[in-house]
Number of protein chains: 2
Amino acid sequence: MEMSLKRRETMHRLCGKGLEIFNEKGYYNTSLDDILTELDLSKGAFYHHFKSKEDYFISIVQNLIVQKVYALLVEPLNTFENPLPIIVESLENALEPGKRNEMAYGFMLNDFLTEFNKRNEEISNYLKDIINVWEVNLVSVLKRGKVDGHIARHVDCEGVATYIIASFMGMRTLMIDNSNRQLKYQYIQQLKQYFKSLEPERVLA
Amino acid sequence: MEMSLKRRETMHRLCGKGLEIFNEKGYYNTSLDDILTELDLSKGAFYHHFKSKEDYFISIVQNLIVQKVYALLVEPLNTFENPLPIIVESLENALEPGKRNEMAYGFMLNDFLTEFNKRNEEISNYLKDIINVWEVNLVSVLKRGKVDGHIARHVDCEGVATYIIASFMGMRTLMIDNSNRQLKYQYIQQLKQYFKSLEPERVLA
DNA sequence: AACCAGACCGACCCGTTGGTCGGTTAAAGG
DNA sequence: CCTTTAACCGACCAACGGGTCGGTCTGGTT
């Protein structure tokens, strides 16, 4: 069942360029030809490898987006330090456009989710799954923070996770143009402010 | 220069139904015929009143969305009480689907902004203007709260306004399906938690 | 050399959709 | 009545985009 090297390489090129352009212009606003022209490939080549545009995008989600979100937003949570600064750091990092490329991976989720909402339930679900994984991990790391005494006992971890995700997603809508330093700075500052309110009351020594 | 009554009424019907369906299915995913069929009108009638689909949507933004956002999110800020609970209340209210109709006006902004971002700069700008008005009003009401001693002096009002807007917008992406009570509750709770951290230190009597 | 399979080409198909245009209806004014 | 004009109709157009399909090219096998 293994794919030939040539096939694998072409599909990989298609997915990479596809993510780049879909992310830039949106899925429905990008025609297959937009992508194929850039790669000097033909319609025939495309449909030789993918069943449909939808199938193609799902490949992109599962091969590229999942990994990227996981690496940026889930993996970093796997430490045993105080979770709050770890979360701040991961979000800050996710909002940073990649060093080598121009994609701000942290944004893609919000953009695509909004685009597919009400238009393609299947793709929506794949994207929602990614958010869910993130959320579950946030909750569990927050709960651990509670046990370790970094977070006050009264805190509703699910609520906090939801609020973190919402504010992060919402930043996208505001940072429409180029990634705006000012907005990012404000966001991180307020996030820290909010996190402060989750810490346990200081017990005087 | 005044419009005939008939003309005004037809345009009004078109805008109302247009907002309803655009909000439901998205602008690019709604064809003019989708709307015209529902109103028993023809292409001819439409183009007799509007120059283009784009022009039509701009009318909707300026006649309906602006007013609605203003009424839900800006007007309520005009009191002289403690701004923080007022803001919470306005957001809570904006997330509530309208009593008589099904539209959750608070959401429209985020949906449309994301949809037009990268696709239609002119419309994007009209929508961004609305956000700006909201932001400016939030900032000024927060500053007044500082003067009145409801908000701690160290607080960065612009940052807080940005954070409020971001989290509000982000809720949309999460509340994809029907308005989810649970999510809304979590959001409001955490917002209150965050706001607590903006209050001045209690001075012991 | 003959053959085969898989990668790829690009002309074509066809549904959708924004927009056009010549015509009809009906109300208002003379 | 007759004329004018605004409102409205609906057949039609052209562009676009996803998807199809018969065919070509190339590298490996026998």
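Bear in mind that the values here come from a model prediction, so they are computed numbers and not experimental data. Just so we're on the same page: letters track the sequence lines, and every chain starts at 1.
A donor-acceptor pair is defined here as one N or O able to donate and one able to accept, closer than 3.5 Å; no such pair exists between the side chain of N120(B) and the backbone of F116(B).
Ion pairing between R181(A) and E96(A) holds under the 4.0 Å rule for side-chain N and carboxylate O.
The nearest whole Å value for the distance from the CD atom in E9(A) to the P atom in dC8(C) is 8 Å. One atom, NE2 of H48(A), and another, C1' of dA7(C), lie 5 Å apart when rounded to the nearest Å. For the pair R7(A) CZ and dA5(C) P, the interatomic distance rounds to 16 Å; values are reported in whole Å. Summarising the geometry, the separation between CZ on F57(A) and P on dG17(D) is reported as 18 Å, rounded to the nearest angstrom. Going from atom CG of D33(A) over to atom P of dG19(D) covers 12 Å, rounded to whole Å. One interatomic measurement links the two molecules: OH of Y27(B) to P of dT17(C), which rounds to 13 Å at whole-angstrom precision. Atom P of nucleotide dA7(C) and atom CG of L41(A) are separated by 13 Å, given to the nearest angstrom. E54(A) places its CD atom 14 Å from the C1' atom of dG19(D), with the value rounded to the nearest Å.
For dC8(C), one of the phosphate oxygens OP1 or OP2 lies less than 4.0 angstrom from a side-chain nitrogen or oxygen of T10(A). Between Y47(A) and dG19(D) there is a side-chain N or O to OP1 or OP2 distance below 4.0 Å. When the side-chain nitrogen and oxygen atoms of K53(A) are compared with OP1 and OP2 of dG18(D), one or more of them lie within a distance under 4.0 Å.
Contact annotation for D34(B): no contact, since no heavy-atom pair falls under 4.0 Å across all strands. Across all strands shown, N29(A) has no heavy atoms under 4.0 Å from either base or sugar-phosphate atoms.
For the pair K51(B) and A45(A), nearest-nucleotide mapping onto DNA chain C gives the more 5' position to A45(A). Mapping G44(B) and H49(A) onto DNA chain C by nearest heavy atom places H49(A) closer to the 5' end of the strand.
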Quick one: do Y27(A) and E54(A) satisfy side chain to side chain contact (heavy atoms under 4.5 Å, CB included)? Show the steps, please.
-> CA-CA 10 Å; Y27(A) 175 84; E54(A) 180 178 357; 4.2 Å; yes

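In summary, the side chains of T173(A) and N110(B) do present a donor paired with an acceptor at a separation below 3.5 Å, with no hydrogens or angles considered.
Closest to the S4(A) side chain, of the nucleotides dC9(D), dG19(D), dA7(C), is dA7(C). Looking at the side chain of K6(B), the nearest of the listed nucleotides dA7(D), dG18(C), dC9(D) is dA7(D). Closest to the side chain of L32(B), from the set dC8(C), dG18(C), dG18(D), is dG18(C).
A tilted orientation is assigned to the rings of Y187(A) and F168(A), their planes being inclined by 30° to 60°.
One can find a donor-acceptor pair under 3.5 Å joining the base of dG19(C) and the side-chain atoms of K43(B).
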